[in-house]
Amino acid sequence: MQKFHLYIIYGLLLLLFGLFFLYQIESKQTDINYDEVLVEQEGGEHLRMMIPDSRAKLFALPEKIDFAGENVPLEIEEVRERYEREIYVNAYWQSNMILLMKRSAKYLPTIERILKEHNIPEDFKYLAIAESGLLHVTSAAGAKGFWQFMPATAKEYDLEVSNDVDERYHLEKSTHAACKYIKAAYARFGSWTSVAASYNMGMSGLSRRKNDQKQSNYYDLLLNDETSRYVFRVLAFKEIFEQPEKFGFNLKEEDYYKLPITREIKVDQNINDLAEWAIKHNSSYKDLKILNPWLRSGKLRTARGKEYLIQLPV
């Protein structure tokens with residue numbers, strides 16, 4: 001046998017080993033189940049994606065929880081089931097929860113500080129999360145801002161709502177207004193849990209349900225689906241935020257969003273062009289609007305004796 005014949009034989013053997021190795025890899029991969037997801041892109045085209053199927057994890061839920069120091073009766077089966085529903089719905093909406101956690105570092109410290117100033121339990125910060133996801137959203141009914149005030153209620157709690165200014169979008173002022181509501185509701189109900197429920201359906205609405213059903217405890221009331229879920233959604237946010245690793249959220253300090261360092265400018269006169277005004281103060285219209293979402297138009301008209309504090313980046 002000539003030498004080149006040996007090279008051919010060795011080459012064929014190597015090729016056979018290579019094909020066998022590839023076959024083994026592919027056969028292992030076929031053991032994984034994949035879900036096919038059809039994603040519609042902006043241009044109308046459809047993209048097919050294969051997502052590896054993984055087993056859903058069951059969470060070990062606590063035997064005892066509370067809201068603002070008030071016990072949640074998890075020993076009642078339907079109460080525990082309602083709590084579990086909100087845990088799983090929110091914990092498995094991972095993209096939303098990750099962004100919510102990252103975003104929370106920008107706003108929760110301010111909310112916590114103001115709640116403390118008003119002697120309101122810190123758990124009420126989770127109401128803002130349940131209401132708006134810490135986004136400047138508008139509901140179908142017209143409620144706006146982190147605390148989702150309707151126009152009439154906002155004015156009742158001393159928030160300005162006009163064409164140029166809407167203080168429902170002002171983090172500090174709207175949080176102070178929410179605290180006023182919370183304290184008024186607590187004076188009426190004497191229960192922080194009932195206060196939280198009333199934030200969703202109104203004090204009058206909750207009072208009617210309590211009177212009609214002759215029950216005072218939130219957990220003993222038959223309520224509309226939204227309010228029935230509302231307090232449990234708040235409780236789910238509390239549990240996930242306070243024990244994120246338990247639910248698979250392992251964020252590091254550098255993962256959280258941060259507010260820029262700002263300077264404060266007092267304004268007591270009309271500004272006819274906010275873009276021009278921002279440039280004069282070494283900033284931009286974009287930064288002005290991002291840091292002051294309560295400015296709702298391209299100008300600012302001030303009433304006699306009225307002052308505004310505008311934030312600009314340093």
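Note that the structure is a prediction, hence the values are computed from the model and not measured. Throughout, numbering of the chain's residues begins at 1 and tracks the sequence.
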Would you say the side chain of Glu167 lies within less than 4.5 Å of the side chain of Ser174, judging by non-hydrogen atoms? no
Any ion pair linking Lys280 and Glu276 (charged N to carboxylate O, less than 4.0 Å)? yes
Beyond-backbone contact of Leu235 with Glu86, side-chain heavy atoms, under 4.5 angstrom: no
Answer yes if the ring centres of Trp277 and Tyr285 are under 6.0 angstrom apart, and no otherwise. no
What do you reckon, is CD of Gln269 surrounded by more than 12 foreign heavy atoms closer than 6.0 Å? no
Closest heavy-atom pair, Phe189 versus Met203, reported as atoms and distance to 0.1 Å, is CZ-O, 3.6 Å
Between Lys210 and Asp220, is the closest basic N to carboxylate O distance under 4.0 Å? no
In the structure I gave you, are the side-chain heavy atoms of Phe149 and Lys144 within less than 4.5 Å of one another anywhere? no
Going hydrophobic residue to hydrophobic residue with side-chain gaps under 4.5 angstrom, can you get from Trp93 over to Val234? no
Taking the ring centre of each residue, are Tyr186 and Trp192 less than 6.0 Å apart? yes
Check this for me: Gln213, atom CD, are more than 12 non-hydrogen atoms of other residues, nucleotides or ligands nearer than 6.0 Å? yes
Aromatic centroids of Tyr181 and Phe124 separated by under 6.0 Å: no
Rounded to the nearest 0.5 Å, what's the gap from OG1 on Thr227 to CG on Leu222? Could you check? 11.0 Å
With the side chain counted from C-beta on, respond yes when Ile265 and His281 share a heavy-atom pair under 4.5 Å apart, and no when they do not. yes
Before we go on, tell me: are the rings of Tyr88 and Phe59 under 6.0 Å apart, centre to centre? yes
Does the plane of the ring in Trp294 sit parallel, tilted or perpendicular to the ring in Tyr308? Use 30° and 60° as the thresholds. parallel
Asp158 bridged to Lys173 by N-O distance under 4.0 Å: no
Asp225 CG: over 12 foreign heavy atoms closer than 6.0 Å: yes
For the student: nearest non-hydrogen atoms of Leu274 and Ser297, plus distance: CD1-O, 3.4 Å
May I ask you to decide whether Glu112 forms a salt bridge with Lys116, counting only side-chain N to carboxylate O separations under 4.0 Å? no
Quiz item: cation-pi between Arg296 and Tyr169, 6.0 Å / 45°: yes
Residue pair Val231 / Ala197: nearest heavy atoms and the distance that separates them: CG2-N, 4.0 Å
Look at Glu239 together with Lys246 and state whether they make a salt bridge at an N to O cut-off of under 4.0 Å. yes
Are any of the side-chain nitrogens in Asp268 or Lys306 under 4.0 Å away from the carboxylate oxygens of its partner? no
salt_bridge(Glu122, Lys125) N-O dist < 4.0 Å: yes
Leu159 side, atom CG; Asp166 side, atom CG - distance, nearest 0.5 Å: 8.5 Å
Answer yes if Tyr83 and Val79 sit in the same cluster of Ile, Leu, Val, Met, Phe, Trp and Tyr residues linked by side chain heavy atoms under 4.5 Å apart, and no otherwise. yes
Does this structure show an ion pair linking Glu172 with Arg113, if we count only N-O contacts that are shorter than 4.0 Å? yes
Per side-chain hydrogen bond (donor to acceptor under 3.5 Å, both in side chains), Glu131 is matched among Tyr199, Trp147, Tyr230 by Tyr230
Ser194 and Ser216 have their tightest heavy-atom pair at OG-O, 4.0 Å
Is any side-chain N of the basic residue among Lys64 and Glu75 closer than 4.0 Å to the acidic one's carboxylate O? no
Would a 4.5 Å heavy-atom cut-off, applied to side chains only, mark Leu74 and Glu63 as touching? no
Between atom CD of Glu70 and atom CG of Asp123, what is the distance when rounded to the nearest 0.5 Å? 10.0 Å
Do other residues, nucleotides or ligands put more than 12 heavy atoms under 6.0 Å from Asn211 CG? yes
